[in-house]
There are 2 protein chains.
Amino acid sequence: MIREALAALLSFEDDMEVVAQVGRGDEVARAALEAKPDVALLDIEMPGMDGLTAAAELRRLSPGTRIVILTTFGRPGYLRRAMESGASGFIVKDSPADKLAQTIRKVLDGQRVIDPDLAAAALAEGTSPLTPRERDVLAAATEGATIAEIAGKLYLSEGTVRNYLSACIQKTGARNRAEALRIARERGWL
Amino acid sequence: MIREALAALLSFEDDMEVVAQVGRGDEVARAALEAKPDVALLDIEMPGMDGLTAAAELRRLSPGTRIVILTTFGRPGYLRRAMESGASGFIVKDSPADKLAQTIRKVLDGQRVIDPDLAAAALAEGTSPLTPRERDVLAAATEGATIAEIAGKLYLSEGTVRNYLSACIQKTGARNRAEALRIARERGWL
DNA sequence: TCACGTTCATGACAGTTGTCATGGGTGACT
DNA sequence: AGTCACCCATGACAACTGTCATGAACGTGA
């Protein structure tokens, strides 16, 4: 519904045309190759494949298509990963509506569009201090999983899981694995 | 942005007119009293005042205005609370776009519009088994708070907090307070 | 008045979790 | 070959958490 509403919004602009719409991340590349748009507008939270992965794929298959990420949550980690995925613009959904068309025009003009506050926050945060395996373990500790469950899911011993979680807790500066999970999620370290 | 996009979408309908828009829950009632709309379309997650509270207020101050809740998360607990607040319709944002206008028309016609699956889920869940105080304690246990912190925040002893949390865990069927929190949130018991 | 549920508290116990020391195996870089 | 970071594991200890029994105070309704 949101997608179609945004399409309606953009159709008011004389210099723009919505040439394709898809509802799943794993259909983005195919649709882009068919419709050959100048700009692709992607959400991050999507079924099938998340928007950042879809952006990377799109960048690889169709380098000429510029990418704008439009997302609900202005998390600095999202911004960093969006830039790494080759996006040219990054805006959050609670910006004023006219910002969308402005951003698309600027991006088409070769400029990059990034919220300054978000960029500052992303730089201040730095990159993830978690090792890949620590990340896995923390991600498996979804709300309310026991250590034994995590160990079973990842085929690790319970002691190992405890060690990794302990490392995650220290690196995030949390006092819990629940808090570590929250912090890591906020920062896009997950 | 979403709000303006939806307004653009609705403006395509010949029989509808968007007479007012506000971005905060606590401005809903005032705007409705001024613009006197036939139908008010409310989100739940809003700054200032959540949409369900705003709906109840609107219901009280302007009983003639029918209310449609449009929200991102189709949680059964939201649906129940929406109905208790006097809403006539409840749709989620990932419905097809034409559903919005359809719903508004039906509601204006005096009908109630509810997703059948969601209604079934809401009825199956029943009402919250948590006592008010248990609810408070569980709500204070936001991601990563220690028992000592909760006790300090609510001016309770640690033992009491543990007792309440234990009750919450048993009533939700969880094995953790983290899981209990997640379950309670999903069901709208919070 | 009495039973009942809710709120708050204490204390004790078992289980889970977080921390630390330690060690072996692997691949990358110098 | 040596150093380093990472992966995996074990064991022990302290701290935190969840459970249970118990009891007092309070308001509500039969």
Side-chain angles (χ1 to χ4, degrees), chain A residues 77 80-81 84 125-190, chain B residues 77 80-81 84 125-190:
Chain A
R80 178 174 36 241
R81 284 163 61 197
E84 285 166 4
E125 249 173 25
T127 183
S128 171
L130 302 178
T131 69
R133 205 54 177 162
E134 286 167 356
R135 199 200 66 94
D136 291 345
V137 173
L138 189 56
T142 35
E143 323 251 357
T146 323
I147 289 212
E149 288 172 350
I150 304 170
K153 211 185 297 178
L154 298 180
Y155 305 103
L156 291 177
S157 84
E158 299 191 12
T160 305
V161 172
R162 281 220 292 277
N163 284 342
Y164 281 141
L165 284 180
S166 184
C168 293
I169 291 168
Q170 295 202 306
K171 286 180 178 178
T172 53
R175 288 187 314 296
N176 268 342
R177 76 158 167 275
E179 198 180 5
L181 198 57
R182 182 175 56 77
I183 292 174
R185 255 206 276 262
E186 270 173 18
R187 308 215 173 145
W189 293 349
L190 251 169
Chain B
R80 179 176 33 243
R81 284 163 60 196
E84 285 167 4
E125 250 172 25
T127 183
S128 171
L130 302 178
T131 67
R133 204 55 175 160
E134 285 167 358
R135 199 199 67 94
D136 290 345
V137 173
L138 189 56
T142 35
E143 324 250 357
T146 323
I147 290 211
E149 288 172 350
I150 305 170
K153 211 185 299 180
L154 297 180
Y155 303 103
L156 291 177
S157 84
E158 298 192 14
T160 304
V161 172
R162 281 220 294 277
N163 285 340
Y164 281 140
L165 283 180
S166 184
C168 293
I169 291 168
Q170 294 203 307
K171 286 181 178 176
T172 52
R175 288 187 315 297
N176 268 343
R177 75 158 167 273
E179 198 180 5
L181 199 57
R182 183 176 56 77
I183 292 175
R185 254 205 277 261
E186 269 174 17
R187 306 214 174 145
W189 293 350
L190 251 169

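Residue numbering restarts at 1 for every chain, and letters A, B, ... go by the order of the sequence lines.
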| task | Sequence neighbours left out, what passes side chain to side chain donor-acceptor pair (under 3.5 Å) with B:E84? Give chain and number order. | result | none
| field | All side chain to side chain contact (heavy atoms under 4.5 Å, CB included) counterparts of B:A184, not counting sequence neighbours | value | B:L138, B:W189, B:L190
Nearest heavy atoms of [X] and [Y], plus distance in Å:
| X | Y | result |
| --- | --- | --- |
| A:A174 | A:I183 | CB-CD1, 4.0 Å |
| B:I147 | B:E158 | CG2-O, 3.8 Å |
| A:L130 | A:K171 | CD2-CD, 4.0 Å |

| said: For a quick check of understanding: with a heavy-atom distance under 4.0 Å over all strands, which category does B:T160 fall into, base, sugar-phosphate or nothing? | reply: base
| request: Identify whether any heavy atom of B:R177 sits under 4.0 Å from a base atom; if not, whether one sits that close to sugar-phosphate; answer base, sugar-phosphate or nothing. | output: sugar-phosphate
| request: Report the end-to-end axis angle of the helix from C:dT1-D:dA30 to C:dT30-D:dA1; each axis comes from five terminal pairs, and the value is rounded to 10°. | output: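 Rounded to the nearest 10 degrees, the bend comes out at 30°.
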Could you measure the distance from the [atom1] atom of [X] to the [atom2] atom of [Y]? Nearest 0.5 Å is fine.
| X | Y | atom1 | atom2 | answer |
| --- | --- | --- | --- | --- |
| A:Y164 | A:D136 | OH | CG | 9.5 Å |
| A:L154 | A:T160 | CG | OG1 | 10.5 Å |
| B:E134 | B:I169 | CD | CD1 | 11.0 Å |

| Ion pair check, B:R182 and B:E186, cut-off under 4.0 Å |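 A salt bridge is present here (some side-chain N lies under 4.0 Å from a carboxylate O).
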| Got a sec? Which of residues 150-157 of chain B come in under 4.0 Å of DNA chain D, heavy atoms? |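 Per residue number, the list is empty: none.
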| request: Ignoring hydrogens and angles, tell me if any N or O in the side chain of A:E179 forms a donor-acceptor pair with the backbone of A:R175 under 3.5 Å. | output: yes
| Just by protein heavy atoms under 4.0 Å, how would nucleotides 23-30 of chain D read 5' to 3' in B, S and -? | --------
| said: Any residue in residues 162-170 of chain B with a heavy atom nearer than 4.0 angstrom to DNA chain C? Just list them by number, or reply none. | reply: B:R162, B:N163, B:Y164
| query | Would you say B:I150 and B:K153 make side-chain contact, with heavy atoms under 4.5 Å? | reply | no
